[in-house]
Amino acid sequence: MMSGPGDPIQFVDLAAQKARIADRIDAAVARVLDHGQYIMGPEVAALEAALAAHSGAPHVITCASGTDALLMALMAFGIGPGDAVLCPDFTYTATPESIAVLGATPVFVDVCADSFNLDPEGLSDGLALAQSLGLRPRGLIAVDLFGLPADYAAITPWAADHGLFILADAAQSYGARSAGARVGTLSSVTSTSFFPAKPLGCYGDGGALFTDDAALADAFVSIRAHGKATGGGKYDIARVGLNSRLDTLQAAILLEKLAILDEELTARRRIAARYSAELDPRYLPPKVPPHVEPAWAQYTIRCAGRDGLSATLSEHGIPTNVYYPRRLHQQTAYRDFPKTVAEDGPASRLSDEVLSLPVHPYLTEPQVDHVIAQLNALADHHGVAESG
Ligand SMILES: *Cc1c(COP(=O)(O)O)cnc(C)c1O
């Protein structure tokens with residue numbers, strides 16, 4: 001007999017994390033309430049320094065959300081009407097939103113069925129489409145979906161050859177590594193999110209940009225504070241900017257969470273390794289190259305008959321989620337933008353087949369046993385790959 005899962009399984013368990021570091025969080029919050037510097041207090045610079053040390057990125061600029069981080073990067077690149085930016089069709093809404101809200105045109109390209117990430121082979125078609133429409137191709141946003149870094153080794157030389165920037169949307173992948181290098185250094189410009197459910201989350205909204213380019217870093221600092229001139233006075237406005245500072249309270253909370261992030265990532269990787277080794281091979285998770293350590297924001301499998309599978313798992317106390325049931329170009333807001341994706345291509349299959357399993361760091365071994373046993377009992381009906 002398989003042992004029962006014990007406590008109810010949460011999809012994300014912020015309460016367990018809170019219980020672990022409650023004293024430190026309370027003390028950190030109390031310090032901010034004491035000094036009262038709610039906007040750009042000392043914890044903001046301390047967090048930026050800690051993130052720079054942790055990631056290895058020379059410049060880290062925090063901001064109000066992962067969406068604003070994308071937006072600020074595109075603003076610094078001067079993106080606007082007439083410009084095209086390539087992005088995957090299978091990602092969160094915020095990715096193309098940051099392009100479209102500036103009046104530029106997102107061009108949707110397909111992903112790889114193996115990695116769920118941007119297909120480097122499809123980029124040339126996206127570039128050609130943008131040109132044929134009379135748009136100026138300026139760059140691409142690569143998304144590290146579910147915590148697996150995109151294939152920067154393939155994308156970076158291609159982008160350089162065509163004079164395009166790469167913006168790495170690492171909202172789901174902070175803490176991941178590729179060939180030993182951390183997210184934040186895999187691309188010249190990287191954005192991330194501190195939304196509570198992300199691998200490094202705060203207790204509200206937050207985000208950050210990482211770059212090796214000092215001029216861009218200056219631009220980010222200016223843009224997040226209404227376009228204030230670098231080194232200028234408060235009322236010396238050099239460009240159109242935003243109000244996108246990270247709250248001091250969130251920075252204080254993130255400093256405590258960053259201190260346990262590596263342990264949490266180790267726990268996520270241990271659970272993911274168990275799923276990959278023990279789940280029926282007819283469920284297909286993304287293929288992880290040997291030199292890559294994902295952040296495992298999600299552990300996502302491809303399955304058949306997804307609604308039935310998730311309902312049965314739910315009856316057995318196993319919560320699941322679907323990221324994402326629709327491709328971006330199928331959304332009302334994005335259906336008129338150009339795309340190179342085939343109707344029955346990889347993004348289409350993924351949107352029909354993906355199911356994300358609990359993989360948070362506070363799952364117990366019996367809970368993981370239970371998830372594996374239930375899924376394996378259903379593999380004859382819900383596996384997607386041929387067996388053998
Ligand atoms: C969460 C997410 C964002 C946006 O982050 P917010 O902090 O919620 O604004 C952007 N891109 C991707 C891929 C995400 O998952």
Side-chain angles (χ1 to χ4, degrees), residues 12 14 44 47-48 50-52 54-55 57 59-77 79 85 87-88 90-102 106 116-118 139-150 165-176 182-211 216-217 219-221 223-224 241-247 249-251 253-254 257-258 261 265 294-298 321 323-324 328 333-334 356:
V12 170
L14 295 176
V44 174
L47 175 65
E48 289 172 345
L51 287 167
H54 185 258
S55 63
H59 308 280
V60 179
I61 294 89
T62 55
C63 63
S65 72
T67 305
D68 273 8
L70 289 167
L71 181 60
M72 286 167 57
L74 296 180
M75 288 170 75
F77 285 127
I79 294 301
V85 178
C87 75
F90 189 65
T91 174
Y92 183 57
T93 326
T95 312
E97 180 180 73
S98 64
I99 304 165
V101 80
L102 290 172
F116 307 178
N117 277 333
L118 201 63
L140 63 102
I141 304 183
V143 179
D144 300 347
L145 202 69
F146 304 145
L148 174 66
F165 66 77
I166 297 177
L167 169 54
D169 180 350
Q172 302 180 8
S173 65
Y174 187 72
R182 290 266 195 191
V183 157
T185 65
L186 305 183
S187 170
S188 176
V189 186
T190 302
S191 64
T192 198
S193 163
F194 303 129
F195 182 82
K198 310 279 178 172
L200 177 60
C202 57
Y203 291 154
D205 279 309
L209 283 153
F210 304 75
T211 186
L216 275 178
F220 299 156
V221 169
I223 291 169
R224 80 168 162 195
L242 301 171
N243 173 2
S244 188
R245 297 161 300 219
L246 181 71
D247 291 350
L249 275 169
Q250 300 299 347
I253 289 159
L254 282 162
K257 294 221 198 180
L258 181 61
L261 178 68
L265 289 169
W296 297 111
Q298 308 295 340
N321 269 310
Y323 307 109
Y324 300 94
L328 267 318
Y334 293 101
S356 298

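One distance of note links OG of S191 with CD1 of I61; it measures 12.5 Å at 0.5 Å rounding. To the nearest 0.5 Å, the span separating CG on L167 from CE on M72 amounts to 11.5 Å. A distance of 8.5 Å separates CG of D144 from OG1 of T192, quoted to the nearest 0.5 Å. A distance of 11.5 Å separates CG in L209 from CG in L51, rounded to the nearest 0.5 Å. Note that CG of D205 is 10.0 Å distant from SG of C63, once rounded to the nearest 0.5 Å. If you take CG on N243 and CG on D68, they are separated by 9.0 Å, rounding to the nearest 0.5 Å.
Among the candidates I166, V189, D169, L118, the single residue satisfying the side-chain contact (heavy atoms from CB on, under 4.5 Å) test with I141 is D169.
Not a single donor-acceptor pair under 3.5 Å links the side chain of S187 to the backbone N or O of T190. Although no hydrogens or angles enter the test, the distance criterion places a donor-acceptor pair under 3.5 Å between the side chain of S244 and the main chain of A64. Between the side chain of R182 and the backbone N or O of G175, at least one donor-acceptor pair lies under 3.5 Å. N117 places a side-chain N or O within donor-acceptor distance of the main-chain N or O of L145, the cut-off being under 3.5 Å. When atom types are taken as modelled, the side chain of K198 and the backbone of A297 share no donor-acceptor pair closer than 3.5 angstrom.
Within the structure, every pair that satisfies the ring pair (Phe, Tyr, Trp, His ring centres under 6.0 Å) test and touches residues 182-211, not counting sequence neighbours, is listed here: Y174-F210.
Evaluation of the ring-ring contact (aromatic ring centres under 6.0 Å, His included) rule for F165 yields F77 as partners, not counting sequence neighbours. Looking at residues two or more places apart in sequence or on another chain, you find no salt bridge (charged side-chain N to carboxylate O under 4.0 Å, His left out) involving E97.
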Mind running side chain to side chain contact (heavy atoms under 4.5 Å, CB included) on L254 and L246 for me, showing each step along the way? CA-CA 11 Å; L254 282 162; L246 181 71; 4.1 Å; yes
Practice item. Take Y334 and T93, measure what side chain to side chain contact (heavy atoms under 4.5 Å, CB included) needs, and give me the verdict at the end. Key: CA-CA 9 Å; Y334 293 101; T93 326; 3.9 Å; yes
*Run the side chain to side chain contact (heavy atoms under 4.5 Å, CB included) check on N321 and Q298 step by step: do they pass?*
CA-CA 9 Å; N321 269 310; Q298 308 295 340; 5.8 Å; no
Could you walk me through whether R224 and T62 pass the side chain to side chain contact (heavy atoms under 4.5 Å, CB included) test, one step at a time? CA-CA 9 Å; R224 80 168 162 195; T62 55; 3.4 Å; yes
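Of all heavy-atom pairs between Y323 and F90, the closest is O-CZ, 3.6 Å. Nearest heavy-atom pair across L102 and M75 is CD2-CG, 3.9 Å. Closest approach of A171 to P199, counting heavy atoms only: O-CD, 4.3 Å. The shortest heavy-atom contact between P149 and L186 is CB-CD1, 3.8 Å. Contact detail for Y324 and Y92: the closest heavy-atom pair is OH-CB, 3.4 Å. Counting all heavy atoms, side chain and backbone alike, P96 lies closest to T91 at CD-CG2, 4.3 Å.
Side-chain contact between V183 and S55 is absent, with no heavy-atom pair separated by less than 4.5 Å. Between L258 and H54 the shortest side-chain heavy-atom distance falls below 4.5 Å.
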